Amino acid sequence: MEYYKQINEIWRVQGYRKAINTLRQQKQPVRTKQDALKLPGFGHQLSDKLEEIVKTGKLTRLIESKKDSRAAVLGLLEGIFGVGPNTAREWYNDGVRNLSNARVRPDLTPQQRVGIDRYHDFNTRIPRNEVAQHFSVVESAARNIDSGLRCFIMGSYRRGVQTCGDIDLIVTKPGTKRIEEGEKSLMWVLQKLTTQLTAMGFLKVCLLGKDKGGKDSNSKWYGASMLEDIGIWRRIDILIVPWSELGASLLYFTGNDLFNRSIRMLAVKKGMSLNQHGLFKDVIRDKNWKKIHRGTLVEAHDERKIFEALGIKWLEPKERNVG
DNA sequence: TCTCAGCGCCG
DNA sequence: CGGCGC
DNA sequence: GAGA
Ligand SMILES: O=c1ccn([C@H]2C[C@H](O)[C@@H](COP(=O)(O)OP(=O)(O)OP(=O)(O)O)O2)c(=O)[nH]1
Ligand SMILES: [Mg+2]
């Protein structure tokens with residue numbers, strides 16, 4: 001809808017999403033520029049646009065933008081997994097206009113190749129109940145490897161939406177403090193789990209998190225999974241997290257992204273810092289706002305306690321759909 | 001005019 | 001490191 | 001895009 005700005009316009013998009021969010025929260029309909037201007041996220045430009053929509057039922061600027069074929073191609077290319085704004089622009093300037101052009105790029109990464117071959121699959125929303133089925137497959141396999149493992153469905157599924165863009169999962173184990181600790185470490189589990197599910201034919205391809213020769217920093221695995229009776233490849237993300245960081249991980253992986261960004265900004269305003277590993281205080285930042293010291297841990301295991309420490313009331317996952 | 005979250009993985 | 005993704 |  002309001003996604004008609006693609007090119008180097010991520011902040012404009014963020015502005016629109018914030019405004020949409022405040023608009024949703026309004027109980028009373030907002031009809032005039034005067035009303036709109038009072039709302040957070042609405043400045044003169046957006047208020048003008050709102051008034052135009054209310055009065056005429058359309059937005060001239062939007063109709064014009066539909067004719068922008070360059071934006072349409074850039075949008076198409078960015079729909080490829082592994083292609084972002086820069087690659088899309090570079091390819092466009094090189095004459096790429098469709099997926100077939102893109103498919104024969106010599107600089108195509110293995111990720112992008114899969115992204116093109118499965119373009120339609122990956123851009124198809126997943127019904128809620130199918131997400132749960134994928135989860136069951138992974139959970140059974142995990143429990144089979146180690147009965148102590150715990151799995152959670154995250155992302156938009158946890159926020160209660162009816163269709164999901166992908167499948168987001170967390171695998172953890174009570175008592176763990178580091179993903180590399182122990183005989184059957186979580187890292188080992190992830191490796192074992194993904195190889196096993198690939199051999200079963202459930203996981204179709206690995207897009208990130210392949211065991212690199214010697215290196216071992218694998219806390220995540222992104223790829224594709226498929227249910228035999230559905231036949232569509234789905235994007236699936238599996239994270240392993242230490243039990244000690246479960247709360248921060250749940251908070252992070254539940255989102256949505258705008259919610260995470262606003263709650264993290266709130267943390268900064270309160271002199272703290274929030275990431276997927278925990279909430280920290282006494283963070284030392286240099287003059288360029290870059291972190292020098294991580295600070296000391298406030299809370300990481302308990303999601304509710306992170307809300308408390310930030311001084312905000314608990315929000316159910318479904319209340320975290322921002323924008 | 002500056003900022004807009006914070007971090008993991010890959011080539 | 002830049003790029004991309006979550 | 002808004003906000004400081
Ligand atoms: O830029 C981002 C993107 C995602 N996330 C977190 C929040 C998000 O909820 C979660 C999973 O990401 P995903 O891209 O799968 O989003 P989603 O909320 O699950 O929506 P979708 O239904 O499109 O998968 O990771 C962020 O913190 N920042
Ligand atoms: Mg998701």
Side-chain angles (χ1 to χ4, degrees), chain A residues 2-6 8-23 36-50 61 77-91 107-112 114-115 122 154-156 164-170 179 187 190 206-213 215-223 235-241 245 248-249 251-269 272-280 283 285 288-291 294-295 310 322-323:
Chain A
E2 238 61 53
Y3 270 28
Y4 66 100
K5 289 282 178 191
Q6 285 289 348
N8 231 344
E9 303 272 4
I10 58 173
W11 301 121
R12 197 181 298 268
V13 170
Q14 172 165 315
Y16 274 79
R17 287 182 72 185
K18 280 191 173 159
I20 290 169
N21 186 52
T22 54
L23 209 49
L37 269 176
K38 299 185 199 125
L39 272 39
F42 274 90
H44 288 89
Q45 303 194 74
L46 268 175
S47 299
D48 280 341
K49 289 194 174 69
L50 181 131
R61 183 79 182 73
L77 296 180
E78 287 185 45
I80 301 171
F81 184 88
V83 175
N86 287 292
T87 310
R89 186 181 358 102
E90 193 181 309
W91 287 2
D107 53 351
L108 201 68
T109 68
Q111 249 183 20
Q112 293 162 345
V114 178
F122 287 173
M154 307 302 301
S156 46
C164 304
D166 62 2
I167 300 145
D168 303 298
L169 307 177
I170 280 182
I179 60 173
M187 275 178 44
L190 185 63
C206 168
L207 295 168
L208 179 152
K210 193 82 143 278
D211 217 3
K212 301 283 287 181
K215 288 193 79 176
D216 55 2
S217 59
N218 291 345
S219 68
K220 49 177 67 171
W221 192 95
Y222 301 166
R235 280 276 299 102
I236 182 168
D237 299 343
I238 307 175
L239 305 197
I240 46 169
V241 309
E245 295 177 5
S249 300
L251 185 54
Y252 156 67
F253 219 30
T254 298
N256 63 359
D257 55 345
L258 273 193
F259 174 82
N260 285 356
R261 290 157 73 167
S262 49
I263 198 175
R264 286 173 184 204
M265 280 186 74
L266 183 80
V268 168
K269 284 193 197 122
M272 294 182 271
S273 171
L274 177 64
N275 60 33
Q276 60 268 54
H277 303 295
L279 178 65
F280 301 83
V283 180
R285 292 179 148 98
N288 289 325
W289 206 231
K290 289 283 158 235
K291 261 190 247 184
R294 300 205 326 287
L310 284 170
V322 175

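Proteins get letters first, then strands, A, B, ... in listed order; numbering begins at 1 in each. On a predicted model such as this, the values are computed, not experimentally measured, just so you know.
Both A:Met265 and A:Leu207 lie close to DNA chain B; mapped to their nearest nucleotides by heavy-atom distance, the more 5′-ward contact belongs to A:Met265.
For A:Ala19, the side chain to side chain contact (heavy atoms under 4.5 Å, CB included) partners two or more places apart in sequence, or in a different chain, are A:Phe42, A:Leu46. Here A:Arg235 pairs with A:Asp237 under the salt bridge (Lys or Arg N to Asp or Glu O under 4.0 Å) rule; sequence neighbours left out.
For the pair A:Asn260 (side chain) and A:Ile263 (backbone), a donor-acceptor distance under 3.5 Å is absent. Under a 3.5 Å cut-off, the side chain of A:Thr87 and the backbone N or O of A:Val83 do not form any donor-acceptor pair.
If you check every strand for non-hydrogen atoms under 4.0 Å, A:Tyr252 touches a base. At the heavy-atom level, A:Thr87 lies under 4.0 Å from the strands shown only through sugar-phosphate atoms. Contact annotation for A:Gly255: no contact, since no heavy-atom pair falls under 4.0 Å across all strands. A:Ile80 comes within 4.0 angstrom of sugar-phosphate atoms only, judged by non-hydrogen atoms across all strands, and of no base. Residue-level contact check: A:Asp237 touches the backbone only, with heavy atoms under 4.0 Å from sugar-phosphate atoms and none from bases. Nucleic acid contact class of A:Asp257 (heavy atoms, under 4.0 Å, all strands): none.
By the criterion of a centre-to-centre distance under 5.5 Å and near-parallel planes under 30°, the ring of A:Trp11 forms a stack with the base of B:dC4.
Per the geometry, OH belonging to A:Tyr222 stands 7 Å off C1' belonging to B:dG8, to the nearest Å. Atom-to-atom, CD1 of A:Ile20 to C1' of D:dA2 comes out at 14 Å; the value is rounded to the nearest Å. Taking atom CG of A:Asn260 as the reference point, atom C1' of C:dC6 lies 9 Å away to the nearest angstrom. A straight line from CD of A:Gln276 to C1' of B:dC9 spans 12 Å, rounded to a whole angstrom.
Taking the P atom of each, C:dC6 and B:dT3 are spaced 27 Å apart, rounded to whole Å.
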